[in-house]
Asker: 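Following this message is one structure expressed as structure tokens.
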Amino acid sequence: MNISAPTPVKTIAVIGAGTMGSGIALTAAQAGIAAFQVDLSAAQLEKAKAYHLKTLARAVEKGKLQQADADAAAKRISYVATMAEAKSADWAVEAATENVEIKKKIFKEMAATFPAHAVLATNTSSISITDLASAVGADAHRVIGMHFFNPVPIMALVEVIKGLATSDETTQRTIALSIAMGKTPVPANDRAGFVSNRVLMPMINEAFYACMEGVAKPEDIDQIMKLGCNFPMGPLRLADFIGLDVCHDIMMVLYRELGDQKFFPCPMLRQLVQAGRLGDKSGRGVFDYAKK
Ligand code: CAA
């Protein structure tokens with residue numbers, strides 16, 4: 001394996017301006033990397049920009065960032081509707097909705113748009129990297145999983161997942177970029193849910209079973225796990241934070257791909273999703289945020 005220092009990334013294109021995409025763009029910009037935030041939805045881009053400015057302003061208020069550095073970081077982010085406007089980027093990270101067909105379509109466009117040296121990364125939380133890479137044929141060697149965690153500016157990890165065809169050079173460059181963005185890259189193999197969600201989601205699912213069976217009240221389940229296991233958030237609060245639909249979809253990927261009944265989503269989780277109670281983003285999930 002060639003482990004000579006990879007060329008530093010100057011410009012990154014982040015496809016998707018949702019929670020994860022906007023966090024990735026901000027983290028890149030704060031690390032001195034120019035970022036294109038790409039999203040067809042003008043409303044989503046506005047929301048991402050508001051999040052960027054608010055987060056930077058808060059860091060300045062707290063004395064953690066100089067105003068000039070905050071201004072420079074904000075200036076590094078360009079908000080664009082199409083990949084074509086971001087085509088000069090030498091790195092692309094897809095952070096779109098967790099749907100394999102949508103992601104494959106995006107990957108085809110990424111391979112056709114960005115230069116041949118650009119890595120084509122995905123922030124998928126559970127979909128097979130090898131499957132996504134199959135959409136881009138001979139470009140599969142530059143496809144890799146670069147899995148960030150929410151909130152991206154705070155969480156230390158990038159889970160790095162090689163697909164079957166991912167080259168060593170792509171992997172080395174992903175490790176180098178993760179470090180340049182202030183993160184700790186840790187490798188995991190291309191199995192459903194990788195490591196993070198293979199372990200986290202069944203734990204969350206089990207918390208729903210405990211709640212459904214009345215083992216304890218939801219707030220007490222969370223309190224027990226916070227105080228007893230030192231979790232920053234209890235598993236039910238964390239599920240609301242991640243999105244109950246996301247938790248449900250990841251469990252379904254684990255269930256389908258690993259073929260074990262133990263991964264089937266808890267009926268209580270399924271019912272809340274069916275009712276549109278998706279957590280923080282809908283104002284109500286396990287807990288009711290409208291009251292606060
Ligand atoms: N963006 C940027 N910064 C944020 C933020 C956000 N969305 N949310 C919180 N912060 C910052 C705050 O500004 C604060 O910064 P300072 O220390 O500089 O003051 C710091 O984070 C702590 O925030 P708070 O004091 O408001 O709250 P807290 O101490 O309760 O921490 C938390 C909030 C960091 C979210 C913490 O509760 C936590 O770590 N929770 C667990 C999060 C987790 O497990 N994430 C992984 C989810 S799984 C996933 O993402 C992958 C997947 O595939 C599903």
Side-chain angles (χ1 to χ4, degrees), residues 16-31 47-66 69-70 73-74 77 93-99 103 121-129 145-161 181-184 186 188 190-205 207 222-223 225-227 229-254 265 269 273 278-281 285 287 289 292:
T19 305
M20 297 306 289
S22 58
I24 296 167
L26 178 61
T27 305
Q30 288 203 261
K47 216 171 144 193
K49 189 172 183 178
Y51 166 67
H52 295 154
L53 297 178
K54 190 174 155 198
T55 307
L56 291 168
R58 198 180 292 157
V60 172
E61 260 168 46
K62 286 181 186 161
K64 299 200 167 182
L65 194 64
Q66 296 291 320
D69 293 332
I77 310 177
V93 189
E94 170 277 317
T97 189
E98 197 70 353
N99 172 298
K103 283 188 190 291
T122 172
N123 181 56
T124 181
S125 50
S126 60
I127 296 171
S128 161
I129 308 306
M146 194 179 189
H147 186 202
F148 291 86
F149 291 78
N150 184 24
V152 179
I154 301 295
M155 303 300 282
L157 179 66
V158 172
E159 199 174 23
V160 176
I161 308 108
M181 289 173 73
K183 304 298 180 196
T184 303
V186 182
D190 191 17
R191 293 288 180 277
F194 320 126
V195 170
S196 54
N197 283 321
R198 174 81 175 261
V199 176
L200 174 65
M201 286 301 157
M203 193 269 296
I204 286 177
N205 202 45
D222 274 5
Q223 189 73 328
M225 298 307 286
K226 276 170 70 177
L227 300 183
C229 301
N230 235 0
F231 288 2
M233 282 175 168
L236 298 172
R237 171 73 196 95
L238 180 58
D240 277 352
F241 180 67
I242 292 169
L244 299 193
D245 51 339
V246 176
C247 295
H248 177 272
D249 291 351
I250 294 173
M251 286 307 291
M252 286 304 292
V253 171
L254 295 175
L269 171 60
V273 173
L278 306 181
D280 296 26
K281 63 185 160 192
F287 302 106
Y289 303 96
K292 290 178 185 162

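In listed order, ligands and their atoms are each counted from 1. Quick note: residue numbers are just sequence positions, from 1.
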Asker: Give the atom numbers and elements of ligand 1 that come within less than 4.0 Å of a heavy atom of Ile242.
Answerer: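 Numbered from 1, ligand 1 contributes 47 (C), 48 (S), 54 (C).
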Asker: Considering residues at least two apart in sequence or located in another chain, which fulfil the side chain to side chain donor-acceptor pair (under 3.5 Å) criterion with Gln30?
Answerer: none
Asker: Any non-hydrogen protein atom below 4.0 Å of atom 33 (C) of ligand 1?
Answerer: no
Asker: Specify whether the nearest protein heavy atom to atom 26 (O) of ligand 1 is under 4.0 angstrom away.
Answerer: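 No, there is none.
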Asker: Within ligand 1, which atoms have a heavy atom of His147 less than 4.0 Å away?
Answerer: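 Under 4.0 Å from His147, ligand 1 has these atoms: 51 (C), 52 (C), 53 (O).
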Asker: Between the side chain of Glu159 and the main-chain N/O of Ala188, is any donor-acceptor distance below 3.5 Å?
Answerer: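 The answer is no, because no donor-acceptor pair under 3.5 Å joins these two groups.
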Asker: Test of understanding: given a 4.0 Å heavy-atom threshold, classify the contact between Val152 and ligand 1 as side chain, backbone, both, or neither.
Answerer: neither
Asker: As a test of the contact definition, would atom 16 (P) of ligand 1 count as having a protein heavy-atom neighbour under 4.0 Å?
Answerer: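 Protein heavy atom within 4.0 Å of atom 16 (P) of ligand 1: present.
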Asker: Heavy-atom distance to atom 13 (O) of ligand 1: which of Lys64, Lys62, Lys226, Met155 wins?
Answerer: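 Among Lys64, Lys62, Lys226, Met155, the closest heavy atom to atom 13 (O) of ligand 1 comes from Lys62.
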Asker: Is the closest N or O pair between Thr55 and ligand 1 shorter than 3.5 Å?
Answerer: no
Asker: Considering non-hydrogen atoms of the protein only, which is the closest contact for atom 42 (C) of ligand 1, and what is the distance?
Answerer: Asn150 O, 3.8 Å
Asker: Any idea which heavy atoms bring Ala192 and Leu254 closest together, and the distance?
Answerer: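 Where Ala192 meets Leu254 most closely, the heavy atoms are O-CD2, 3.3 Å.
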Asker: Which atom pairs, one a donor and one an acceptor, fall under 3.5 Å between side chains of residues 197-204 and the rest of the protein, sequence neighbours left out?
Answerer:
{"residue": "Asn197", "atom": "ND2", "partner": "Ser125", "partner atom": "O", "Å": "3.0"}

Asker: Indicate yes or no for a side-chain donor-acceptor contact from Asn205 to the backbone of Met251 under 3.5 Å, with no hydrogens or angles considered.
Answerer: no
Asker: Is there a side-chain contact between Val273 and Leu278, using heavy atoms and a 4.5 Å cut-off?
Answerer: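 SC-SC contact between Val273 and Leu278 confirmed.
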Asker: Kindly indicate whether atom 4 (C) of ligand 1 is approached by any protein heavy atom to under 4.0 angstrom.
Answerer: yes
Asker: Using a 4.0 Å cutoff against the non-hydrogen atoms of Tyr51, which atoms of ligand 1 qualify?
Answerer: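 So the atoms of ligand 1 that pass are 1 (N), 2 (C), 6 (C), 7 (N).
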Asker: If you scan the protein for heavy atoms around atom 30 (O) of ligand 1, do you find one that is closer than 4.0 Å?
Answerer: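 False for atom 30 (O) of ligand 1.
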Asker: Do any non-hydrogen protein atoms sit less than 4.0 Å from atom 23 (O) of ligand 1?
Answerer: no
Asker: For atom 11 (C) of ligand 1, which candidate among Thr19, Ile154, Val246, Leu26 provides the closest heavy atom?
Answerer: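 Result: the heavy atom closest to atom 11 (C) of ligand 1 is in Ile154.
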Asker: Would you indicate whether the side-chain heavy atoms of Phe194 and Thr124 approach each other to under 4.5 Å?
Answerer: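 Yes, at least one pair of side-chain atoms sits under 4.5 Å.
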Asker: What class does the angle between the rings of Phe149 and His147 fall in, given that below 30° is parallel, 30 to 60° is tilted and above 60° is perpendicular?
Answerer: tilted
Asker: Ignoring hydrogens, just give me the one of Pro232, Ala156, Gly243 whose non-hydrogen atom is nearest atom 38 (C) of ligand 1.
Answerer: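 Among Pro232, Ala156, Gly243, the closest heavy atom to atom 38 (C) of ligand 1 comes from Pro232.
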Asker: Only heavy atoms of Ser125, strictly under 4.0 Å: list the atoms of ligand 1 that pass.
Answerer: 53 (O)
Asker: Under 3.5 Å, side chain of Lys183 to main-chain N/O of Met155, donor-acceptor pair present?
Answerer: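 The answer is yes, because a donor-acceptor pair under 3.5 Å joins these two groups.
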Asker: Judged by atom type as modelled, is there a donor-acceptor pair below 3.5 Å linking the side chain of His52 to the main-chain atoms of Ala74?
Answerer: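 No, the answer is negative, given that no donor and acceptor are paired below the 3.5 Å cut-off.
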Asker: In sequence, state the C-alpha distance, the side-chain angles, and the governing distance for Met225 and Leu236, and then conclude on side chain to side chain contact (heavy atoms under 4.5 Å, CB included).
Answerer: CA-CA 10 Å; Met225 298 307 286; Leu236 298 172; over 6 Å; no
Asker: In terms of atom number and element, which parts of ligand 1 are under 4.0 angstrom from non-hydrogen atoms of Leu200?
Answerer: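 By the 4.0 Å cutoff, the relevant atoms are 48 (S).
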Asker: Taking Asp249's backbone N and O only, do any of them form a donor-acceptor pair with Glu98's side chain (distance below 3.5 Å, no angle check)?
Answerer: no
Asker: Can you report which non-hydrogen protein atom sits closest to atom 7 (N) of ligand 1, along with the distance?
Answerer: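 Result for atom 7 (N) of ligand 1: Pro151 CB, 3.4 Å.
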Asker: With heavy atoms of Pro153 as the reference, note each atom of ligand 1 found under 4.0 Å away.
Answerer: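 That gives atoms 2 (C) of ligand 1.
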Asker: Report the nearest protein non-hydrogen atom to atom 51 (C) of ligand 1: residue, atom name, distance rounded to 0.1 Å.
Answerer: Phe149 CD2, 3.3 Å
Asker: Considering only the protein, which heavy-atom contact is closest to atom 44 (O) of ligand 1, and what is its distance?
Answerer: Leu238 CD1, 3.5 Å
